[in-house]
Amino acid sequence: QVQLVESGGGSVQAGGSLRLSCKATGYTYTGYYWGWFRQAPGKEREGVAAIYNGPGTFSYADSVKGRFTISSDIAKNTLYLQMNSLKPEDTAMYYCAAQTVARGAYWYTSGAYNYWGQGTQVTVSS
């Protein structure tokens, strides 16, 4: 049974930083999508960043490029999201998601993933 557990969320002021972690159990990264999504109240869930095709491919939403960095520690089965220069519009619940079966969807679409964590809240105040 795959379980994804996020941690590291919290409340920060604009310009601050947070590092999210996603600890996976029952799952081994093999190159399928492993990523982060976020959902703000009243908005659709959106893809933030993902790794895939082994260790070398990283993709980011335009809204976070240059500010967020996704990384992984395969030995620890943990995915990270370093978030710098946070803005109030980054406020959302952040979810870790993993794909274990290819679904023919892009990394930034929810339907591409078949496992989800419970989320960790990030709140950025101005």
Side-chain angles (χ1 to χ4, degrees):
Q1 181 73 9
V2 174
Q3 287 191 320
L4 305 173
V5 179
E6 304 94 336
S7 61
S11 296
V12 295
Q13 289 191 327
S17 298
L18 285 172
R19 188 193 195 201
L20 305 184
S21 298
C22 169
K23 175 66 176 176
T25 55
Y27 168 78
T28 300
Y29 176 64
T30 58
Y32 289 111
Y33 300 144
W34 194 10
W36 291 95
F37 280 70
R38 66 186 181 186
Q39 187 167 20
K43 294 188 177 181
E44 292 187 356
R45 190 170 296 190
E46 63 170 343
V48 175
I51 62 171
Y52 49 98
N53 293 337
T57 301
F58 308 87
S59 289
Y60 296 91
D62 287 343
S63 59
V64 306
K65 281 181 181 176
R67 300 188 298 122
F68 290 11
T69 302
I70 190 171
S71 64
S72 64
D73 185 332
I74 302 304
K76 295 183 178 179
N77 265 1
T78 302
L79 186 71
Y80 302 99
L81 185 68
Q82 178 66 45
M83 306 186 295
N84 298 328
S85 301
L86 282 161
K87 304 175 180 180
E89 51 263 43
D90 294 318
T91 295
M93 185 71 78
Y94 283 71
Y95 298 91
C96 177
Q99 179 195 62
T100 60
V101 179
R103 293 183 165 187
Y106 291 110
W107 70 268
Y108 49 82
T109 57
S110 299
Y113 300 80
N114 49 326
Y115 290 101
W116 293 84
Q118 293 299 306
T120 186
Q121 178 67 38
V122 172
T123 302
V124 184
S125 58
S126 57

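Index from 1, following the sequence.
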Quiz item: Given Gln39 and Ser110, is the side-chain contact (heavy atoms from CB on, under 4.5 Å) satisfied, shown in steps?
Solution: CA-CA 11 Å; Gln39 187 167 20; Ser110 299; over 6 Å; no
Can you see which heavy atom on [X] is nearest to which on [Y], and at what distance?
{"X": "Ala24", "Y": "Leu4", "result": "CB-CD2, 3.6 Å"}
{"X": "Asp90", "Y": "Val124", "result": "CB-CG2, 4.3 Å"}
{"X": "Ala92", "Y": "Ala40", "result": "CB-N, 3.8 Å"}
{"X": "Met93", "Y": "Gly119", "result": "SD-C, 3.7 Å"}
{"X": "Thr78", "Y": "Ser21", "result": "CG2-CB, 4.3 Å"}
{"X": "Leu86", "Y": "Leu18", "result": "CD1-N, 3.9 Å"}

Quiz prompt | Identified side-chain contact (heavy atoms from CB on, under 4.5 Å) partner of Leu20 from the options Phe68, Trp36, Tyr80 | solution =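 Output: one option passes, namely Trp36.
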When hydrophobic residues are tied together by side-chain contacts of less than 4.5 Å, even through go-betweens, does [X] share a cluster with [Y]?
{"X": "Val5", "Y": "Leu79", "result": "no"}
{"X": "Phe58", "Y": "Tyr29", "result": "yes"}
{"X": "Tyr32", "Y": "Ile51", "result": "no"}

Does any part of the side chain of [Y], heavy atoms only, come nearer than 4.5 Å to the side chain of [X], both counted from C-beta?
{"X": "Met83", "Y": "Arg67", "result": "no"}
{"X": "Cys96", "Y": "Trp34", "result": "yes"}
{"X": "Arg19", "Y": "Leu81", "result": "no"}
{"X": "Tyr113", "Y": "Trp107", "result": "yes"}
{"X": "Glu6", "Y": "Tyr94", "result": "no"}
{"X": "Thr25", "Y": "Asn77", "result": "no"}

Quiz item: Does Lys65 pair with Asp62 as a salt bridge, N-O distance under 4.0 Å?
Solution: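 So Lys65 pairs with Asp62 through a salt bridge.
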Practice problem: Please confirm whether the backbone N or O of Gly111 pairs with a side-chain atom of Arg103, one donor and one acceptor, at under 3.5 Å? | Solution: yes
Self-check item: Exam field: side chain Lys23 to backbone Lys76, donor-acceptor pair closer than 3.5 Å
Solution: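 Looks like yes, one N/O pair under 3.5 Å.
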Nearest 0.5 angstrom please: [X] [atom1] to [Y] [atom2], how far?
{"X": "Lys87", "Y": "Ser126", "atom1": "NZ", "atom2": "OG", "result": "13.5 Å"}
{"X": "Gln3", "Y": "Tyr27", "atom1": "CD", "atom2": "OH", "result": "14.5 Å"}
{"X": "Ser17", "Y": "Asn84", "atom1": "OG", "atom2": "CG", "result": "3.5 Å"}

Practice problem: Compute the centroid of each ring, for Tyr33 and then for Tyr52, and state whether the two points are separated by less than 6.0 Å. | Solution: yes
Practice problem: Go through the steps to decide whether Ser59 and Tyr108 satisfy the test side-chain contact (heavy atoms from CB on, under 4.5 Å), and finish with yes or no. | Solution: CA-CA 9 Å; Ser59 289; Tyr108 49 82; over 6 Å; no
Exercise. Answer yes or no: are there more than 12 heavy-atom neighbours, outside Glu89 itself, under 6.0 Å from its atom CD?
Key: yes
